[in-house]
Amino acid sequence: MIRYECFEWMAPLIDDHLVVTSLSGQRVEWGHLSNREGNLLLGSMGNALAVGCGLAMALPHRRVVVLESDGSILLSLFNLPTVANLGPQNLSVFVFDNQIYSGTRISEPTATAGKTDLEIIARGAGIEDAVTVRDLETFKKAALPALTGSGLNFIVAKVEESRGHRKIQRTNMDLLENKYRFVRYIEKTEGKPIFLGRG
Amino acid sequence: MEPELASKLVNGLKAAGINFVTYLPETRLSQILPLMRQDEFFQLAPVASEAEGVSIAAGAALGGKQVASYMEGTGVFVSTYNLLTIAERFGIPMLLLVSYVGSAADKRNSFLYVRRGTRMIPVLEALGIEYQIVTDGENLETRIKDAVRMMHALKLPVVLLFTGEFTV
Amino acid sequence: MNRSACLESLVPHITDQLVVPSVSGQWIWGHLTKEHDGNLLLGSMGNALGVGLGMALGLPHRKVIVIESDGSVLLSLFNLPTLGALKPDNLVVFVFDNEKYSGSRISRPSATAAGTDLAAVARDCGISHAVEVRDLDSFKRESQGALSRQGLGFVVAKVEETLEHRQAERSTADLTENKYRFVRYIERTEGKAVFRGRG
């Protein structure tokens, strides 16, 4: 299983979800497959889960989808107990675990290539609905209720390293422009102001 | 901190509209926590690291909350990465309530804390983050409102560094 | 003559022009034409003429409109000989001259109250079509003429001081968000890339 085929399957299921991505190829691939106003493409590691958690708390009636990677989750493992205890019931976390620091050219293995199991860590942190999937069919079975239902879900998708994102043309929408688009989308769909300052 | 000062601080935050606070407990300002917890106006998010305190607050800000992150001074050092990659780069309005440990007016200053205080402002200036030092309760509500207005004007974090009477 | 009435008379003629307001009338204009993506909000005095000139030179097939005030033109009077020398034939400048520094609560008179004639200064700088108008009919005639003909237009509209702009509904779009909106409009209508960096 590769991440891109998971994304291809997920993209058409996105409706008014808010999708937060971490860095790396997934940001490029997701942005390419799903150019939606509800996308917040963060472009840094170790932030997506926490930002997604804050969003989910602020908008408890909206489904928030976080797209993470093993390297990024390992950089901010302290998020897991925090998210578990805050317990937002509208947050779906997908960790595409290729067991490699893949952006680094040298493809050094991450801890998940060794002894570390993110599902068990998540469960131990208190996220009960945590699963690991290893093929596309199982992924779909786990992901569908996470995208369409409720609850706090944590799906570790074991994927092969793929460098397909290097062939995709990257966006020239920078982080600030993405923020404005995202916030205006929330304002529009929630009918409330978020940016307060006026000139 | 005297209980009266703690409630003045909490009332000031409320008057300024702050309604979502991430925090990692510390000593000097800790009396504000039970006060905020009693008041349903505040949505509180306890965190395990100031790093995620900043990022969770950022997510909530984008969802329409008026946010603050409360931390010890050391938390600024821990969260510099998140302040830079999320709060500064995305331009998120956010109030940082920081107990200014190791500063000149810190009544509990010692060799344990002092370097955390003396390096604070160089780090904030390097990050390009605005700050105000607050040593007592005079005009506290106004000063908090000023900081909140500035954070919205800048769409950036603004730091309040609490020392002096707040560290008693 | 009233500035709002002048600005309202321009609105039906706005199609794909690029409009650069200085601080004069920026809120009124922004409100009147809030659907127009081609407004570039500068939010400062002394810049609109220079920026508008550069834009006219950069996009010679597009009409560029600059909305200026006496205080702002006086702050960058050196623009006028440059404008007269370069003579872009796709630029129209409106100067709303209320003879006052009106945003300053104290309403101090500007130099035009003491006799400085901006249209004459402009003509002496080589802007040969510069005219001054004192009533709405003349404004409509001169402005529509300037907008429809090829050639550098410069219309000084003598207006009374009003504080109407304080009632205008102000946008929460800040200068950065406005820049993105404006640039994406140029990209869309010109079919070329303006923002280059990708990430």
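Predicted model only: the values in this text are computed from it and were never measured. Note that these values count all heavy atoms, side chains included, but never hydrogens, waters or copies made by symmetry. Throughout, protein chains are lettered first and strands after them, A, B, ... in sequence-line order, and every chain is numbered starting at 1.
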- Message: Taking B:Gly164's backbone N and O only, do any of them form a donor-acceptor pair with B:Thr135's side chain (distance below 3.5 Å, no angle check)?
- Response: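 Such a contact is absent between B:Thr135 side chain and B:Gly164 backbone.
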
- Heavy-atom neighbours of B:Arg108 CZ exceed 12 at 6.0 Å: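 Yes, CZ of B:Arg108 has more than 12 neighbouring heavy atoms, counting only those of other groups under 6.0 Å.
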
- Item | Residue A:Lys192 excluded, over 12 heavy atoms near NZ under 6.0 Å |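 Atom NZ in A:Lys192 is packed in, count exceeds 12.
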
- Message: Given heavy-atom pairs under 4.5 angstrom as the criterion, report whether the side chain, backbone, both or neither of B:Phe90 touches chain A.
- Response: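 B:Phe90 touches chain A through backbone and side-chain heavy atoms alike.
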
- Message: With a 4.5 angstrom heavy-atom cut-off, is it the side chain or the backbone of B:Ala57 that approaches chain A, or both, or neither?
- Response: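 Neither; nothing under 4.5 Å.
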
- Query: Given the side-chain rings of A:Tyr180 and A:Phe195, with only the six-membered ring counted for Trp, is the space between their centroids under 6.0 Å?
  - Reply: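 Ring-ring flag for A:Tyr180/A:Phe195: true, centres closer than 6.0 Å.
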
Looking at [options], which one has more heavy-atom pairs under 4.5 Å with chain B than the rest?
options	value
A:Asn79, A:Val183, A:Val83	A:Asn79
A:Ala58, A:Ala50, A:Ala56	A:Ala50
A:Lys179, A:Arg62, A:Arg198	A:Lys179

- Item | A:Leu40, part contacting chain B, at a heavy-atom distance under 4.5 Å |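 Contact with chain B: side chain only.
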
- chain B contact via A:Leu59 - which portion, at a heavy-atom distance below 4.5 Å: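 Side chain only.
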
- Closest approach of B:Pro157 to B:Leu83 (non-hydrogen atoms, all atoms of both residues):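 Between these two residues, the closest heavy atoms are CG-CD2, 4.3 Å.
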
Please identify, among [options], the residue contributing the most non-hydrogen atom pairs under 4.5 Å to chain A.
options	result
B:Ala45, B:Ser55, B:Ala58	B:Ser55
B:Pro46, B:Pro93, B:Ala153	B:Pro46
B:Thr22, B:Ile86, B:Val47	B:Ile86

- Message: Tell me whether the rings of A:Phe96 and A:Phe139 are parallel (<30°), tilted (30 to 60°) or perpendicular (>60°).
- Response: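 Geometry flag for A:Phe139 against A:Phe96: tilted rings.
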
- Can B:Glu52 and A:Thr82 be counted as having a side-chain donor-acceptor contact under 3.5 angstrom?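 Result is yes, a qualifying pair exists.
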
